[in-house]
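What follows is a set of notes on a single structure, which appears directly below.
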There are 2 protein chains.
Amino acid sequence: MNKKNYEPIDEETLFLVSQTFKALSDPTRIRILHLLFEKECSVTEISNCLELKQSNVSHQLRFLKQLRLVKYRRDGKTLYYSHDDEHVINVLEQMIHHTRHH
Amino acid sequence: MNKKNYEPIDEETLFLVSQTFKALSDPTRIRILHLLFEKECSVTEISNCLELKQSNVSHQLRFLKQLRLVKYRRDGKTLYYSHDDEHVINVLEQMIHHTRHH
DNA sequence: TTATAATATGAATACATGAACATATGAATT
DNA sequence: AATTCATATGTTCATGTATTCATATTATAA
């Protein structure tokens with residue numbers, strides 16, 4: 001029984017993994033996701049809570065939604081966003097915890 | 001006993017977390033780290049194995065070393081690099097596995 | 001149907017980043 | 001000391017990205 005050989009990463013996986021980490025590599029998106037980890041929020045709530053421009057929040061949410069990291073439900077004029085990927089949000093929270101306690 | 005309130009992330013943690021994920025957000029760095037997860041490698045070995053320019057590998061390794069994600073030992077003219085952060089390398093491998101099997 | 005509130009979109013811009021090339025350093029060998 | 005091998009560094013360039021402003025869309029209420 002030989003030692004396991006090196007298995008290169010296929011292109012598609014490589015792209016998806018890099019995209020996912022890219023989503024987590026921006027301070028603004030981290031703050032948004034960390035907030036959504038705690039509770040569901042409307043766009044306005046996120047803007048106010050994190051002191052970000054509404055259009056900025058909207059752009060970032062589109063990015064995160066495209067990667068299926070967040071989802072939303074509508075209530076009248078208001079869209080309530082929440083996280084939509086348990087694995088990724090846990091990776092983020094683990095990293096925050098790991099970084100804080102070092 | 002009240003519900004836990006939202007705890008914002010301090011600036012330093014935010015920066016470190018974003019930097020760490022940024023290291024993982026580039027296909028070239030992912031390939032290098034994934035290779036180093038398997039085995040210790042010299043710069044030339046990495047270049048050949050992944051078909052990357054030596055200077056490119058060197059630049060990426062500097063980036064990773066600055067974040068203490070890799071370390072090296074010298075043997076003559078050769079520098080052997082290996083990963084240096086169990087938590088981060090595991091997060092990467094988990095993400096690759098998670099992405100592949102979905 | 002006009003007004004308003006909530007959110008999304010498009011364009012512009014300033015800045016960051018990855019890759020390549022050329023060259024420099026540094027260690028071993030002759 | 002000169003040569004060679006392994007790696008690092010500086011610079012340039014093209015591309016990518018985050019943010020902002022202005023405006024559009026959409027849903028509700030008056």
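Throughout, protein chains are lettered first and strands after them, A, B, ... in sequence-line order, and every chain is numbered starting at 1.
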Next item on the list: Output all residues satisfying side-chain contact (heavy atoms from CB on, under 4.5 Å) with A:Glu12, sequence neighbours left out; order by chain, then residue number.
Entry: A:Asp10, A:Leu16
Next item on the list: Would you please name every residue forming a side-chain contact (heavy atoms from CB on, under 4.5 Å) with A:Ser18, sequence neighbours left out?
Entry: B:Pro27, B:Ile30
Checklist line | Contacts of type ring pair (Phe, Tyr, Trp, His ring centres under 6.0 Å), residue B:Tyr72, not counting sequence neighbours | finding: B:Tyr81
Next item on the list: Under the ring pair (Phe, Tyr, Trp, His ring centres under 6.0 Å) rule, collect the residues that match up with B:His59, sequence neighbours excluded.
Entry: none
Check whether any side-chain N or O of [X] sits under 3.5 Å from a backbone N or O of [Y] as a donor-acceptor pair, and report yes or no.
| X | Y | result |
| --- | --- | --- |
| B:His102 | B:His98 | no |
| A:Arg31 | B:Leu14 | no |
| A:Arg68 | A:Asp84 | no |

Next item on the list: Give, ordered by number, those residues of residues 54-67 of chain B having at least one heavy-atom distance below 4.0 Å to an atom of DNA chain C; if nothing qualifies, reply none.
Entry: B:Ser55, B:Asn56, B:His59, B:Gln60
Check: Can you list, by residue number, the residues of residues 15-30 of chain B that have a non-hydrogen atom closer than 4.0 angstrom to DNA chain C?
Finding: B:Lys22, B:Asp26, B:Thr28, B:Arg29
Next item on the list: Estimate the overall bend of the helix from C:dT1-D:dA30 to C:dT30-D:dA1 from the end axes over five pairs each, rounded to 10 degrees.
Entry: 10°
Check: Can you name the residues that form a salt bridge (charged side-chain N to carboxylate O under 4.0 Å, His left out) with A:Arg74, not counting sequence neighbours?
Finding: none
Margin query: Can you list everything that forms a salt bridge (charged side-chain N to carboxylate O under 4.0 Å, His left out) with A:Glu40? Sequence neighbours excluded, please.
Written below: A:Arg73
Item checked: ring pair (Phe, Tyr, Trp, His ring centres under 6.0 Å) contacts touching residues 16-36 of chain B (sequence neighbours left out) -> A:Tyr6-B:His34, A:Phe21-B:Phe21
Notebook entry, point to check: Does the pair A:Lys71 and A:Ser82 meet the rule for a side chain to side chain contact (heavy atoms under 4.5 Å, CB included), with working shown?
Noted result: CA-CA 6 Å; A:Lys71 62 175 187 271; A:Ser82 55; 3.5 Å; yes
Note to self: For chain B and DNA chain C, what are the first and last nucleotides along the strand, 5' to 3', with at least one atom under 4.0 angstrom from a heavy atom of the protein chain?
What the structure shows: C:dT17 to C:dA28
Item checked: Separation of B:Ile9 CD1 from A:Leu92 CG (nearest 0.5 Å) -> 6.5 Å
Check: A:Val57 pairs by side-chain contact (heavy atoms from CB on, under 4.5 Å) with which of A:Thr28, A:Thr44, A:Ile46?
Finding: A:Ile46
Next item on the list: Answer whether the closest heavy-atom distance between the side chains of A:Lys65 and A:Leu69 falls below 4.5 Å.
Entry: no
Item checked: Side chains of A:Leu67 and A:Val88 in contact at under 4.5 Å (non-hydrogen atoms) -> no
Notebook entry, point to check: Near DNA chain D, under 4.0 Å by heavy atom, which residues of residues 71-80 of chain B?
Noted result: B:Lys77, B:Thr78, B:Leu79
